[in-house]
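Predicted, not measured: the structure shown is a model, and the values here were computed from it.
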Amino acid sequence: MRDVAVIGVGMNKWGELWNDSHRTIWTDAALKAIEDAGVDRVDSMYVGCMSGGLFVGQEHLGAMLADQLGMGPIPGTRVESACASGGLAFRLAYMEVASGMSDIVLASGVEKMTDVDGAAATYALSTAADQEYECFHGITFPGLYAMMARVHMSRYGTTQKQLAEVAAKNHANGSLNPNAQFPMKVTAEQVMNSPAVADPLRLLDCSPITDGAAAAILVPLDKVKEFTKNTPVRIAASAHATDTMALHDRGDIAAIESTARAAEKAYAQAGIGPKDLSFCEVHDCFTISEIMAIEALGLVEKGQGGAAAESGLTALSGKMPVNPSGGLKSKGHPVGATGVAQVYEIVNQLRGNSDKRQIKDAHWALAQNMGGTGASSLVHIFERLS
Ligand code: COA
């Protein structure tokens, strides 16, 4: 296996992008990554997209987007793993470069979710849960995470205020991110007083419905100097794990076991532990998800995730910043693009390009991206070189 580096990243401002189409949003991000990397060709590309069919009526994205980029006949592969589609696309690009099969690979993700109404978006998202045993009985994603939150609250004493502090922190970070969909600052009180979606989750505990794309260029580490003078960012680990699809089959619904398993493999591959990390980007599709993610990653003890945001530990200026980008909560969550946008934030932070939200002396960083209620998880670890 070869060492692999990310040498280019691109994304656009996310939100409700009425004037752009699915393909133009994706192409904009892909071209930005190619320009940032300074490459004049791509050997192969992967596109993470959860549901082009249900959101915009378009499947067969590998070929369509390779053509759109003017790069046909390169191999173009569409990757689906629900909200972890982007993270999995990134992992497959990593594997293709690491294996020696290709030298310049584009990893990308896209979703255009706002062209359908709220009910259709909720239905499309629900296809990532177990249709027969969960969705047919009327459950939605906010409902599933609400049940997980309830168990966490009753077992560990996690409070509504602690959930709200996660949202307040991520909106504070997102207010410094020009690409964020909802860059407004909110207080914990505003979060707690926002309309109930699925008790205990309020509107401001939820990630939004978003249009957006992100892209990255991966090359072998020993060829980086052929392409760019940018600070190289090494992919120190890539790990993937799955768990049961339906919540009722889990041993513990107050934990994300697939993330814990992927993290264990990733720390072993990178040769570091959670204490070595400078910051993390995690999958806060709901405030409770960030709490459970940081516990699964070993950043805090089990049951201590709620206290982490409240105490300031995970703030931008805290000992372990989590979601400096604003996370899914404030930056937005175009499901197929989220995992690649985490890489966008990490690469810019490790290069020292993150302006007002820059984390000082960042060296090691971790991205955690998950699908469904944690039926799949991707964990990547990155190292700044030089
Ligand atoms: N965070 C902050 N503000 C939000 C928001 C969010 N998540 N979602 C919507 N808003 C704002 C809108 O901009 C709008 O503001 P305005 O009245 O000033 O224009 C207002 O809240 C109402 O927006 P609307 O689109 O009508 O909300 P909705 O009730 O249709 O949808 C949710 C809100 C939370 C139900 C929806 O965003 C959702 O389903 N989120 C979860 C997505 C999900 O499950 N993803 C997969 C995770 S695994």
Side-chain angles (χ1 to χ4, degrees), residues 3-6 9 84 87 90-91 94 166 169-170 172-173 176-177 216 231-241 255-256 258-284 289-309 311-329 331 338-354 357-370 377-386:
D3 262 329
V4 182
V6 183
V9 284
F90 184 80
R91 173 169 161 83
Y94 162 80
V166 173
K169 165 185 72 70
N170 289 349
N173 295 352
L176 305 174
N177 184 348
T231 305
V233 172
R234 182 173 78 94
I235 303 169
S238 171
H240 182 195
I256 313 279
S258 62
T259 291
R261 293 207 176 163
E264 196 182 325
K265 286 194 254 175
Y267 289 134
Q269 187 186 350
I272 63 161
K275 288 199 166 54
D276 299 305
L277 294 166
S278 309
F279 71 97
C280 297
E281 283 283 309
V282 309
H283 196 97
D284 58 323
S289 332
E290 174 170 315
I291 289 172
M292 291 192 192
I294 64 175
E295 292 174 9
L297 293 169
L299 302 180
V300 293
E301 294 288 314
K302 239 182 182 179
Q304 292 305 305
S311 68
L313 177 81
T314 51
L316 207 48
S317 56
K319 260 175 104 176
M320 176 51 69
V322 172
N323 284 324
S325 69
L328 287 52
K329 175 73 269 286
K331 185 177 57 185
T338 284
V340 184
Q342 293 177 327
V343 177
Y344 176 91
E345 176 69 14
I346 285 175
V347 168
N348 277 310
Q349 285 280 356
L350 294 182
R351 285 176 177 173
N353 287 347
S354 291
R357 59 183 198 285
Q358 181 64 47
I359 291 158
K360 208 167 160 266
D361 301 326
H363 185 84
W364 293 99
L366 179 149
Q368 177 261 355
N369 180 207
M370 64 184 172
S377 283
L378 278 298
V379 173
H380 287 96
I381 297 178
F382 301 83
E383 182 184 18
R384 177 198 165 102
L385 297 181
S386 86

Atom CG of Leu277 and atom NZ of Lys319: how far apart are they, to the nearest 0.5 Å?
-> 13.5 Å

Around atom CZ of Arg351, are there more than 12 heavy atoms of other residues, nucleotides or ligands at under 6.0 Å?
-> yes

Taking atom CD1 of Ile381 and atom CD1 of Ile235, what is their separation to the nearest 0.5 Å?
-> 12.0 Å

Could you walk me through whether Lys329 and Val166 pass the side-chain contact (heavy atoms from CB on, under 4.5 Å) test, one step at a time?
-> CA-CA 9 Å; Lys329 175 73 269 286; Val166 173; over 6 Å; no

Testing Arg91, Gln342, His283 for side chain to side chain donor-acceptor pair (under 3.5 Å) with Asn369, which one passes?
-> His283

Ile294: which of Asp284, Val322, Ile256, Leu313 passes side chain to side chain contact (heavy atoms under 4.5 Å, CB included) = Val322

Donor-acceptor pair, Glu295 side chain versus Gly305 backbone, under 3.5 Å?
-> yes

Gap between atom CE of Met370 and atom CG of Leu378 - 0.5 Å precision | 12.0 Å

Is there a donor-acceptor pair closer than 3.5 Å between any side-chain N or O of Gln349 and the backbone N or O of Ile359?
-> yes

First locate atom CZ of Arg234, then atom CG of Asp3, and finally report the distance between them rounded to the nearest 0.5 Å.
-> 5.0 Å

Would you find a donor on one side and an acceptor on the other, under 3.5 Å apart, between the side chain of Glu281 and the backbone of Leu366?
-> no

For Asn173 and Ser325, indicate whether the former's side chain and the latter's backbone hold a donor-acceptor pair under 3.5 Å.
-> no

Classify the angle between the aromatic ring planes of His380 and Tyr94 as parallel (below 30°), tilted (30 to 60°) or perpendicular (above 60°).
-> perpendicular

Judged by atom type as modelled, is there a donor-acceptor pair below 3.5 Å linking the side chain of Ser377 to the main-chain atoms of Thr259?
-> yes

Nearest heavy-atom neighbours spanning Pro324 and Phe279 = CG-CD1, 3.6 Å

Donor-acceptor side-chain pairing of Glu290 and Asn323 below 3.5 angstrom | yes

Nearest heavy-atom approach of Ser278 to Asp361 is OG-O, 4.2 Å

Over all heavy atoms of both residues, which pair between Gly306 and Ile291 is shortest? Give the atoms and the distance, please.
-> N-CG2, 3.5 Å

Ala237 and Gln269: which non-hydrogen atoms are nearest, and at how many Å?
-> CA-OE1, 3.3 Å

Within a radius of less than 6.0 Å around CD of Glu264, do more than 12 heavy atoms belonging to other residues, nucleotides or ligands occur?
-> no

Nearest heavy-atom neighbours spanning Val379 and Ala262 = CG2-CB, 3.8 Å

Going from CG on Leu297 to OH on Tyr267, what distance comes out if it is rounded to the nearest 0.5 angstrom?
-> 5.0 Å

Which heavy atom of Ser258 sits nearest a heavy atom of Ala241, and at what distance?
-> O-CB, 3.4 Å

